[in-house]
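Each chain gets a letter, A, B and so on, in the order the sequences are listed, and its residues count up from 1. These figures come from a predicted structure and were not determined experimentally. For the numbers below, each heavy atom of this structure counts, side chains included, while hydrogens, waters and symmetry mates do not.
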Protein chains: 2
Amino acid sequence: MKKELKKVVQNELNPNVSVDCVIFGFDLERLTVLLIDRGGNTKNIGPRLALPGNLIYNNENIDQAANRVLEELTGLKDIYLEQVGAFGDPNRICKDADREWLQSIRAEPEARVITVAYYTLVKMPDYAPQASSFAKTIGWASVNQINELAFDHFEILQAAKEKLKQKIKIQPIGFNLLPEKFTLSQLHRLYESILEKPLDKRNFRRKIQKLEIITSLKEKQRGVPHKPSQLFEFNEVRYQELTQNGFDNFGF
Amino acid sequence: MKKELKKVVQNELNPNVSVDCVIFGFDLERLTVLLIDRGGNTKNIGPRLALPGNLIYNNENIDQAANRVLEELTGLKDIYLEQVGAFGDPNRICKDADREWLQSIRAEPEARVITVAYYTLVKMPDYAPQASSFAKTIGWASVNQINELAFDHFEILQAAKEKLKQKIKIQPIGFNLLPEKFTLSQLHRLYESILEKPLDKRNFRRKIQKLEIITSLKEKQRGVPHKPSQLFEFNEVRYQELTQNGFDNFGF
DNA sequence: ATTTGAAAGTGTTAAATTGACACGAAGTAA
DNA sequence: TTACTTCGTGTCAATTTAACACTTTCAAAT
């Protein structure tokens with residue numbers, strides 16, 4: 001058994017633990033996810049598209065790492081973030097972004113990496129993706145048009161979708177995917193996209209309105225070639241009141 | 001930045017990643033959890049009681065590690081197991097069990113350890129805890145009498161309880177905590193323990209029976225100083241049939 | 001033998017929730 | 001003015017939920 005000394009340097013990347021982010025968006029039609037294109041050079045193994053992610057530093061906790069990766073990538077802070085879980089086969093290979101660095105400190109380019117996956121919900125108008133140090137190209141993809149991803153990222157994406165599906169049945173987190181002002185139809189389509197099944201329009205509206213967590217604005221949609229829709233906003237204050245009074249049935 | 005070479009030895013413990021198990025049981029009165037006593041020697045920091053856990057090997061995946069720890073501890077295989085998530089502050093200290101080993105290979109006894117927590121459900125008659133290489137003492141504790149645990153284990157326990165609570169609202173996993181033959185009252189108390197709220201007896205029984213996933217045996221309870229209860233067993237086959245036909249409403 | 005104690009088992013009703021279902025209204029574009 | 005598109009709205013039957021109390025059956029004690 002090898003027993004070389006390896007000092008833990010605090011502000012160094014930990015070569016064994018990474019964070020991957022499933023960043024969900026909603027283009028008002030479909031649920032989307034932010035993917036990076038790792039490029040097509042021959043050194044890559046498997047599909048080009050991958051979830052954004054990176055190794056964690058030894059002096060940050062896992063949630064911080066997820067927020068950091070997210071901010072580095074999107075510039076957004078304080079956005080809705082939920083852990084999906086830990087993933088990691090022994091044969092999982094390390095990220096391209098860190099491959100060179102890893103090679104410089106270890107004998108093998110393929111390391112045992114555990115990744116902790118998170119999913120996050122962003123309002124698309126708040127963020128237009130652009131290339132970064134992470135990836136040559138980056139962009140939104142429609143979630144259910146994705147068939148494969150690099151590493152075990154497809155599996156992670158499926159797990160994240162499932163978590164989101166379960167969560168939205170219990171808590172009204174969908175508003176994190178919509179602009180501040182939205183229509184009931186948009187909310188309706190959002191729920192259908194996430195739950196992957198049709199919901200009756202009138203029943204949906206009845207149910208949402210009874211929750212008393214959205215406020216009707218005096219404003220209407222403009223410039224649409226049909227009857228303009230009433231705009232609403234999420235009533236955060238009211239929602240807090242309700243949950244603090246033990247009300248927890250926001251279910252679908 | 002230090003860049004010493006560190007070869008990844010496959011069948012060696014990974015000093016950065018551990019698995020902790022929240023092993024739930026049910027003593028027919030309360031929900032219980034298996035804890036180890038780390039002993040009272042002065043080298044220990046914080047509370048004596050902790051969740052069982054251990055570092056993972058580089059050549060096993062995380063689920064395998066959890067099953068291994070579980071089998072080493074209880075001798076049980078193939079029991080219900082669900083991931084809670086990854087935990088790990090930068091200042092988290094490593095396990096006693098491995099402290100000496102860790103000290104032998106690294107400069108600092110306190111390492112950055114990420115732990116992946118699991119919860120499992122065991123039928124108590126199947127397992128009577130006994131001391132092992134893990135711990136001097138080991139035993140069941142009533143879940144809601146626990147106020148503190150070593151490391152961040154209390155936080156993990158709370159998260160596991162919450163996951164279990166959510167899960168049992170959706171899937172009939174409670175049977176994993178009961179003996180093969182059980183009474184409706186026992187099942188009733190189990191649900192109340194997990195959900196931490198009273199459930200009306202008659203409504204509970206009606207609801208369970210309508211699910212058609214328990215079978216009434218011809219046998220009754222014996223030797224009790226009151227009217228003996230009908231015994232039931234979980235109908236695994238029927239349950240599979242229902243789920244495969246898309247039925248998914250086992251909710252509470 | 002009788003009594004006592006303790007949990008088992010059982011049904012109804014009112015209220016709330018769900019699911020199914022169709023058409024007039026309000027805007028833009030041609 | 002017409003055509004097109006989406007918005008917005010109510011009822012009814014079926015199902016589900018919540019609240020509620022008394023009799024039965026056994027063992028143990030007297």
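Taking the six-membered ring where the residue is Trp, F234(A) and F175(A) present parallel rings, their angle staying beneath 30° rather than reaching 60°.
Within 4.0 Å (heavy atoms only), Q230(B) reaches sugar-phosphate atoms of the nucleic acid but no base atom.
The salt bridge (Lys or Arg N to Asp or Glu O under 4.0 Å) contacts involving residues 214-224 of chain A comprise K181(A)-E219(A), where partners must be two or more places apart or lie in separate chains.
Computed from coordinates, the F252(A) CZ to dG19(C) C1' distance equals 14 Å when rounded to whole Å. Put simply, CG on L211(B) is 13 Å from C1' on dT16(D), counting in whole angstrom units. Distance E29(B) CD to dA6(C) P: 14 Å, rounded to the nearest Å. The CZ atom of F182(B) sits 14 Å away from the P atom of dA8(C) (whole-angstrom rounding). Here dT17(C) presents its P atom at 13 Å from CG of N203(A), a figure rounded to the nearest Å. Per the geometry, CZ belonging to F204(A) stands 17 Å off C1' belonging to dT17(C), to the nearest Å. Regarding L187(B), its CG atom lies at a distance of 12 Å from the P atom of dG9(C), rounded to whole Å. Between the CD atom of Q209(B) and the C1' atom of dG9(C) there is a distance of 10 Å, rounded to whole Å.
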#### Entry: Base versus backbone protein contacts along nucleotides 22-30 of chain C [heavy-atom cut-off under 4.0 Å; B, S, -]
B--BBBS--
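Remark: E71(A) CD is packed, more than 12 non-hydrogen atoms of other residues, nucleotides or ligands lying under 6.0 Å away. The local environment of CZ in R30(A) is sparse, with at most 12 non-hydrogen atoms from other residues, nucleotides or ligands closer than 6.0 Å.
Between K123(A) and P179(A) the shortest side-chain heavy-atom distance does not fall below 4.5 Å. T74(A) has its side chain out of reach of T120(A): every pair of non-hydrogen atoms, C-beta onward, lies at least 4.5 Å apart.
Taking side-chain N and O atoms only, R205(B) has no distance below 4.0 Å to OP1 or OP2 of dT10(C). OP1 or OP2 of dG8(D) has at least one side-chain nitrogen or oxygen of S229(A) nearer than 4.0 Å.
Residues D63(A) and Y118(A) bring a donor and an acceptor atom of their side chains to less than 3.5 Å of each other. Side chains of N235(B) and T215(B): a donor on one and an acceptor on the other come within 3.5 Å.
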Write down the protein N/O and nucleotide N/O pairs, taken from nucleotides 13-16 of chain C, whose separation is under 3.5 Å; answer none if there are no such pairs.
none

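A residue-by-residue look at D200(B) and S185(B) shows that S185(B) has its nearest nucleotide of DNA chain C further toward the 5' end.
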### Message
side-chain contact (heavy atoms from CB on, under 4.5 Å), that's the test. Do N176(B) and F24(B) meet it? Break it down for me.
### Response
CA-CA 10 Å; N176(B) 294 294; F24(B) 285 117; over 6 Å; no
